[in-house]
Amino acid sequence: MASSSTLTSRSFLDSSRIDTASLSSADLRKLSISSVQISFRSRLPKKLQINAAGSTFGNNFRVTTFGESHGGGVGCIIDGCPPRIPLSESDMQFDLDRRRPGQSRITTPRKETDTCKISSGVSEGQTTGTPIHVFVPNTDQRGFDYNEMSVAYRPSHADATYDMKYGVRSVQGGGRSSARETIGRVAAGAVAKKILKLYAGTEILAYVSQVHKVVLPEGVVNHDSLSLDQIESNIVRCPDPEYAEKMIAAIDAVRVKGDSVGGVVTCIVRNAPRGLGSPVFDKLEAELAKAAMSLPATKGFEFGSGFAGTFLSGSEHNDEFYTDEHGRIRTRTNRSGGIQGGISNGEIINLRIAFKPTSTIARKQHTVSRDKKEIELIARGRHDPCVVPRAVPMVEAMVALVLMDQLMAQYSQSYLFPINPDLQEPLTMPRLEAANASV
């Protein structure tokens, strides 16, 4: 903490400072303790200041989301986006359509088009380098569905903890705790995905690998050839048709009973630049874990071999190195999940996120009211019987935001000056069509 002190005396009101070096020892003795004031001015370094709001993510590529489930709308502000990147609403709308409600019988029936509007940071189809403001209006609110919940807490929901923290909460739709907040994340993630694709050919794909007790076996999905079309070929977003049907049946079984189930989303990253992530507290897997676990309804995170790796010995688990035909250092296996020592090694990044069953269900449950009386509650409203199909684009977005933020950090720290070509690979500059942009 930097600090400065000033020795002042009431006897010298016309002078704010006393040069003690120019005073004799006799003069110093004449200064009584009661007539001397020592004032300290301190300034807390910016890195030590606490951002208590909790709605901003990232350091270099910064995203702030805003809005509530049943308010006027939701959206985000993207700060730090590089300039001269071709960008339009359609780039975001594709992923927003994958996230929106009302897609099928296994999602919430709330009807929202989730049409986004960019109101700043883009000029003539290119980013300007200034903050990008994205807004999506709410058009299908039903606040009356939450009358009972204004006095009672839904079990396992954020209703009670929001009251414990703030002493007040937005009752309709859960406010900021609603998954509707993720619209801003998905919009910003679409921008990050586009830049990563242009810059390094990086692809981020997520899919549903488990619904309740239906688990997609390891190795069924080929991560080297997995495509978006495979994922989007069915309403549950599982790339294997046989297991997709089983998952849909599992959701249907609880949906008609007014209940819910959880599941797992697997996400892979192909062509991730090497060197992303920083020791020791900002390891890439730590950043990914924080990003993933900030999503609503998440309960678990693992990457690479995950918890299953604890059943292996070191000789079984280690990824041996070799040099491929292009002279690149590679690993023969990928139990590390594309990350070693908290830094990406160029292999496929592989992570999994567990989502709990949706908290709001149409079945009678025991709870307490805000005045602490034990009561029974049947929650109303429109909610997903299983969140994982719509969580797929949310996971992709958060992974993209982490990688984009880390890519900018890597460039500023390790690529500002000439690299060591024997050990480091140059980061490829984007080659955009001349008709779209010039970088």
Side-chain angles (χ1 to χ4, degrees), residues 60-61 82 85 192-206 218-219 221-228 230 266-280 282-288 302-306 308-309 312-352 396 399-434 437-439:
N60 304 282
F61 192 86
I85 303 296
K193 284 202 289 186
K194 179 167 188 176
I195 297 173
L196 288 164
K197 179 71 172 178
L198 290 171
Y199 199 97
T202 302
E203 294 180 288
I204 302 170
L205 295 170
E218 192 78 21
V221 177
N222 186 340
H223 289 167
D224 291 315
S225 60
L226 178 66
S227 68
L228 182 62
Q230 287 177 284
T266 295
C267 184
I268 64 165
V269 182
R270 292 195 294 244
N271 297 322
R274 299 183 178 195
L276 303 188
S278 300
V280 291
D282 296 333
K283 292 179 178 179
L284 186 56
E285 67 266 38
E287 296 297 305
L288 290 169
E302 60 180 354
F303 76 97
S305 62
L312 303 177
S313 64
S315 59
E316 294 170 319
H317 189 274
N318 287 346
D319 296 318
E320 294 184 348
F321 290 109
Y322 75 101
T323 303
D324 68 11
E325 64 272 19
H326 303 293
R328 302 181 81 219
I329 297 175
R330 300 286 306 279
T331 61
R332 297 190 186 279
T333 54
N334 190 26
R335 298 183 188 91
S336 299
I339 303 171
Q340 293 172 324
I343 299 171
S344 60
N345 63 9
E347 304 295 336
I348 292 177
I349 295 175
N350 183 338
L351 54 96
R352 293 167 296 283
E396 292 177 357
V399 170
L401 292 180
V402 171
L403 296 180
M404 187 65 212
D405 194 48
Q406 292 296 318
L407 177 64
M408 294 178 71
Q410 172 70 1
Y411 192 89
S412 65
Q413 180 187 22
S414 301
Y415 289 81
L416 183 62
F417 296 103
I419 65 172
N420 181 344
D422 293 330
L423 299 174
Q424 294 174 287
E425 294 181 353
L427 291 176
T428 306
M429 293 301 291
R431 293 178 175 85
L432 307 180
E433 295 295 333
S438 176
V439 179

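The first residue of the sequence shown is numbered 1, and numbering continues consecutively from there. All heavy atoms count here, side chains included; hydrogens, waters and symmetry mates do not.
Annotation: side chain of H317 is in contact with side chain of S305 (closest heavy-atom distance under 4.5 Å). You'll find the side chain of E285 stays beyond 4.5 Å of the side chain of S336, heavy atoms only. Looking at L401 and F61, their side chains come closer than 4.5 Å, going by heavy atoms from C-beta outward. Side-chain contact between I349 and L284 is present, with at least one heavy-atom pair separated by less than 4.5 Å. Using a 4.5 Å cut-off on side-chain heavy atoms (C-beta onward), I339 and L288 make contact.
Here L407 contributes atom CG and L196 contributes atom CG; the two are 6.5 Å apart, rounded to the nearest 0.5 Å. A distance of 11.5 Å separates CZ of F321 from CZ of R330, quoted to the nearest 0.5 Å. Here the CD1 atom belonging to I268 is positioned 9.5 Å from the CD atom belonging to E396, to the nearest 0.5 angstrom. From L416, atom CG reaches atom OH of Y411 across 7.5 Å, with rounding to the nearest 0.5 Å. The CG atom of D405 sits 5.0 Å away from atom CG of N60, with the distance rounded to the nearest 0.5 Å.
Between I348 and H223, the shortest heavy-atom distance links the atoms CD1-O, 4.0 Å. Between A400 and A192, the shortest heavy-atom contact is O-CB, 3.6 Å. Between T333 and E320, the shortest heavy-atom distance links the atoms OG1-N, 4.4 Å. Scanning all heavy atoms of the two residues, the minimum distance from A272 to T202 falls at CA-OG1, 4.0 Å. Of all heavy-atom pairs spanning P279 and I343, the tightest one is CD-CD1, 4.3 Å.
For CG of L228, the number of neighbouring non-hydrogen atoms (other residues, nucleotides, ligands) closer than 6.0 Å is greater than 12. Within 6.0 Å of CD in E316 there are more than 12 heavy atoms belonging to other residues, nucleotides or ligands.
Put simply, the side chain of R270 gets close to the backbone of L226: a donor and an acceptor are under 3.5 Å apart. Panel note: side chain Q406, backbone V402; no donor-acceptor pair is recorded below 3.5 Å. Remark: the backbone N or O of R328 is paired with a side-chain donor or acceptor of D324 at under 3.5 angstrom. Between the T331 side chain and the N334 main chain, no donor and acceptor come within less than 3.5 Å of each other. Within the 3.5 Å criterion, the main-chain N or O of G275 finds a donor-acceptor partner in the side chain of S344. E287 places no side-chain N or O within donor-acceptor distance of the main-chain N or O of D282, the cut-off being under 3.5 Å.
Applying the salt bridge (Lys or Arg N to Asp or Glu O under 4.0 Å) rule to K197 yields the partners E203; only residues at least two apart in sequence or on another chain are considered.
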Discussion item. Is there a side chain to side chain contact (heavy atoms under 4.5 Å, CB included) between R335 and L312? Walk through the geometry before answering.
Written reply: CA-CA 11 Å; R335 298 183 188 91; L312 303 177; 4.0 Å; yes
Worksheet item: Does the side chain to side chain contact (heavy atoms under 4.5 Å, CB included) test come out yes or no for S414 and I419, once each step is laid out?
Response: CA-CA 7 Å; S414 301; I419 65 172; over 6 Å; no
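Each of E347, Q340, R332 was scored for a side-chain contact (heavy atoms from CB on, under 4.5 Å) with D319, with one residue passing: Q340.
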